[in-house]
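See below for the structure under consideration.
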Amino acid sequence: MRGVTLMSLVACGALLTGANVQAQTQAPPPAGGTADGMPFDIPYGTPIGLETAKKLVMAVEAEATRHHWKLNIAVVDTHGELVHFSRMDGAQLGSIGVSQGKARTSARYRRETRAFYNAFETGHPYVATLDPTLVASPGGWPLVEGGKLIGAIGCSGGTGDQDAAACKAGADMIK
């Protein structure tokens, strides 16, 4: 019995040593390189007003209605604070906060929320450590007028691609 136990210990030690050596030889994942300039360096402009926000929401509602999508739509200012919100009839209640989170994420990070979704999908989970309120799902669009960020729009209730397509209809109204 003692010989079997000793043999088991030796075999386990060999396996652990081999696993340790293998783990030490794996290369770390790439960090993404070092680009010149700042990515997503959009200067801040005058925050979006209520009347413009209402027009954007109307455009998104029209697009969603054409496709039979029931969405929650949020427009935020440059700080990510809510300016206007609409929940279409029948839109799921769980997506109210998600639409606002997408808009807030897009405004605060000055990019489409799909960028965070893509980072997760390509094996970069560090994104979750950036901000506990970050929403990494398609459907948040920055609103850029005259080259300056004035806010963002977020949609939720459909698939990520449906949310993004509908919100883009509103974002495209800003030039």
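All values reported here derive from a predicted model rather than from experimental measurement.
Using a cutoff of 4.0 Å between basic side-chain nitrogens and carboxylate oxygens, Asp161 and Arg114 are scored as salt-bridged.
Ser106 places no side-chain N or O within donor-acceptor distance of the main-chain N or O of Ala152, the cut-off being under 3.5 Å. Formation of a donor-acceptor pair under 3.5 Å by the Gln162 side chain with backbone atoms of Thr159 is found in this model. At distances below 3.5 Å, not a single donor-acceptor pair connects side-chain atoms of Thr52 with backbone N or O atoms of Gly49.
Rounded to the nearest 0.5 Å, atoms CG (Asn72) and CG (Asp163) are 9.0 Å apart. Atom CD1 of Ile48 is separated from atom CG of Asp77 by 9.5 Å, given to the nearest 0.5 angstrom. Atom SG in Cys167 sits 7.5 Å away from atom NZ in Lys102 (nearest 0.5 Å). Taken to the nearest 0.5 Å, the NZ atom of Lys168 stands 8.5 Å off from the CD atom of Glu112. Atom OG1 of Thr78 is separated from atom CD1 of Ile42 by 12.0 Å, given to the nearest 0.5 angstrom. Atom CD1 of Ile174 sits about 9.5 Å away from atom NZ of Lys55, to the nearest 0.5 Å.
Applying the salt bridge (Lys or Arg N to Asp or Glu O under 4.0 Å) criterion to Asp131, with sequence neighbours excluded, gives no partner residue. Residues forming a ring-ring contact (aromatic ring centres under 6.0 Å, His included) with His67 (at least two apart in sequence, or on another chain): Trp69. Residues meeting the salt bridge (Lys or Arg N to Asp or Glu O under 4.0 Å) test with Glu61, sequence neighbours left out: none. Remark: Glu145 engages no residue in a salt bridge (Lys or Arg N to Asp or Glu O under 4.0 Å) (not counting sequence neighbours).
What you find for Val83 and Ala53 is that their closest heavy atoms are CG1-CB, 3.9 Å. Closest approach of Ala171 to Trp141, counting heavy atoms only: CB-CB, 3.8 Å. Nearest heavy-atom pair across Tyr44 and Lys148 is O-CD, 3.9 Å. In plain terms, the two heavy atoms of Ala107 and Gly151 that are nearest each other are CB-C, 4.4 Å. Across all non-hydrogen atoms, the minimal contact from Ala103 to Ala74 is CB-O, 3.7 Å. Of all the heavy atoms in Val127 and Ala119, the pair that sits closest is CG2-CB, 3.5 Å.
Under the 4.5 Å side-chain heavy-atom criterion for ILVMFWY residues, no single connected hydrophobic cluster contains both Val57 and Val76. Linking ILVMFWY side-chain heavy atoms closer than 4.5 Å, directly or via other members, places Ile73 and Leu56 in a single hydrophobic cluster. Taking hydrophobic clusters as Ile, Leu, Val, Met, Phe, Trp and Tyr residues chained together by side-chain heavy-atom distances below 4.5 Å, Val98 does not share a cluster with Leu71. Hydrophobic clustering, with ILVMFWY side chains joined whenever heavy atoms are under 4.5 angstrom apart, groups Ile150 together with Met173. With hydrophobic clusters built from ILVMFWY side chains whose heavy atoms lie under 4.5 angstrom apart, Ile96 does not share a cluster with Ile153.
Side-chain contact between Pro142 and Arg110 is absent, with no heavy atoms from C-beta onward closer than 4.5 Å. Residues Leu50 and Val75 have side chains not in contact (no heavy-atom distance under 4.5 Å, counting atoms from C-beta outward).
Residue pairs meeting the ring-ring contact (aromatic ring centres under 6.0 Å, His included) criterion with at least one partner in residues 81-114, sequence neighbours excluded, are Tyr109-Phe116. Identified under the disulfide bond (SG atoms under 2.5 Å apart) test for residues 81-129, with sequence neighbours left out: none.
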query = Could you walk me through whether Leu82 and Gln100 pass the side-chain contact (heavy atoms from CB on, under 4.5 Å) check?
reply = CA-CA 7 Å; Leu82 191 62; Gln100 294 173 19; 4.1 Å; yes

query = What's the verdict on side-chain contact (heavy atoms from CB on, under 4.5 Å) for Arg108 and Leu134, showing C-alpha distance, side-chain angles and the deciding distance?
reply = CA-CA 9 Å; Arg108 290 184 176 170; Leu134 185 138; over 6 Å; no

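Side chains of Ser156 and Ser99: no donor on one and acceptor on the other come within 3.5 Å.
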